[in-house]
2 protein chains.
Amino acid sequence: MKNRLKVLRAEYNFTQADLANKLGVSRQTVNAIEKGKFDPSLPLAFKMSKLFQLSIEEIFQNEELE
Amino acid sequence: MKNRLKVLRAEYNFTQADLANKLGVSRQTVNAIEKGKFDPSLPLAFKMSKLFQLSIEEIFQNEELE
DNA sequence: ACTAAAAGTAAATAAAACTTTACATTTTAA
DNA sequence: TTAAAATGTAAAGTTTTATTTACTTTTAGT
């Protein structure tokens with residue numbers, strides 16, 4: 001699963017720690033998701049979606065399904 | 001997290017077992033998600049999205065975030 | 001009403017997401 | 001150029017998602 005978190009953080013001038021705070025998760029969780037180590041839970045994806053005002057599909061792309 | 005899986009299954013005339021097969025998960029997993037026992041992983045949500053040709057937001061609603 | 005298919009549920013287990021602590025490396029700015 | 005901030009990473013532990021097996025209840029068709 002690919003994601004645009006790094007770019008979105010840059011646009012909003014958020015550090016990983018900033019984003020983690022706003023999402024209510026740890027900095028390491030944000031880092032791991034950003035680096036593709038694992039995928040966020042659906043609720044966390046929804047939080048990101050709301051924060052950046054983008055659809056989940058605009059933030060995450062599942063390359064497995066074409 | 002609410003979802004429209006039961007209705008979508010009805011529209012497509014899928015049993016829980018049918019849907020489970022198409023998604024590559026167990027029937028009990030489909031049942032549990034449908035009954036709101038837990039949320040699907042993000043990759044599983046994407047599979048559902050593709051199968052029903054609906055956005056994740058059209059299938060799942062996070063009532064926690066208004 | 002009977003039967004079979006579908007749906008609901010539960011317990012035990014496995015796998016994945018996430019936390020915490022901690023330290024190393026890279027980037028930025030004074 | 002060096003100090004601080006930001007990022008990367010790792011291990012151990014917790015929580016949540018998903019599986020398997022198995023049994024009960026509900027629904028639909030005859």
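All values below were derived from every heavy atom in this structure, side-chain atoms included, with hydrogens, water molecules and symmetry-related copies excluded. Naming: A, B, ... by sequence-line order, numbering from 1 per chain.
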**Message:** Please give me every residue in residues 11-18 of chain B whose heavy atoms get under 4.0 Å of an atom in DNA chain C, ordered by residue number.
**Reply:**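 Within residues 11-18 of chain B, the residues near DNA chain C are T15(B), Q16(B).
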Figure out the [atom1]/[atom2] separation between [X] and [N], and round it to whole Å.
X      : N       : atom1 : atom2 : result
K35(B) : dT26(D) : NZ    : P     : 11 Å
L42(B) : dA18(D) : CG    : C1'   : 15 Å
L5(A)  : dA6(D)  : CG    : P     : 18 Å
K6(A)  : dG8(D)  : NZ    : C1'   : 11 Å

**Item:** Greater than 12 external heavy atoms within 6.0 Å of E63(A)'s CD
**Value:** yes
**Message:** I need the residues from residues 45-60 of chain B with at least one non-hydrogen atom less than 4.0 Å from DNA chain D; give them sorted by number, or say none.
**Reply:** none
Please write out each protein N/O paired with an N/O of nucleotides 19-24 of chain D under 3.5 Å, distance rounded to 0.1 Å.
from: dT19(D); atom 1: OP2; to: S26(B); atom 2: N; distance (Å): 2.9
from: dT19(D); atom 1: OP2; to: S26(B); atom 2: OG; distance (Å): 3.1
from: dT19(D); atom 1: OP2; to: T29(B); atom 2: OG1; distance (Å): 2.3
from: dT21(D); atom 1: O4; to: Q28(B); atom 2: NE2; distance (Å): 2.6
from: dA22(D); atom 1: N6; to: Q28(B); atom 2: NE2; distance (Å): 2.6

**Complete:** When N31(B) and I33(A) are each assigned the nearest nucleotide of DNA chain C, the 5'-most assignment goes to N31(B)
**Message:** Between the opening five pairs and the closing five pairs of the helix from dA1(C)-dT30(D) to dA30(C)-dT1(D), how far apart are the helix axes, to 10°?
**Reply:**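 Answer rounded to 10°: the end axes differ by 60°.
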**Asked** Hey, where on DNA chain C does chain A first and last touch, going 5' to 3'? Cut-off is any atom under 4.0 Å from a heavy atom.
**Response** dA17(C) to dA22(C)
**Asked** When you look at E58(B) and F52(B), which way does the side chain to side chain contact (heavy atoms under 4.5 Å, CB included) test go after all the steps?
**Response** CA-CA 10 Å; E58(B) 283 171 321; F52(B) 291 120; over 6 Å; no
**CG on N21(A) to OG1 on T15(A), rounded to 0.5 Å** =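 One finds 8.0 Å between OG1 of T15(A) and CG of N21(A).
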**Request:** Output the distance between atom CD1 (I33(B)) and atom OG (S41(B)), rounded to the nearest 0.5 Å.
**Result:** 7.5 Å
**Request:** Using the test side-chain hydrogen bond (donor to acceptor under 3.5 Å, both in side chains), find all partners of R4(B) that sit at least two apart in sequence or belong to another chain.
**Result:**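 For R4(B), no residue satisfies side-chain hydrogen bond (donor to acceptor under 3.5 Å, both in side chains) once neighbours in sequence are set aside.
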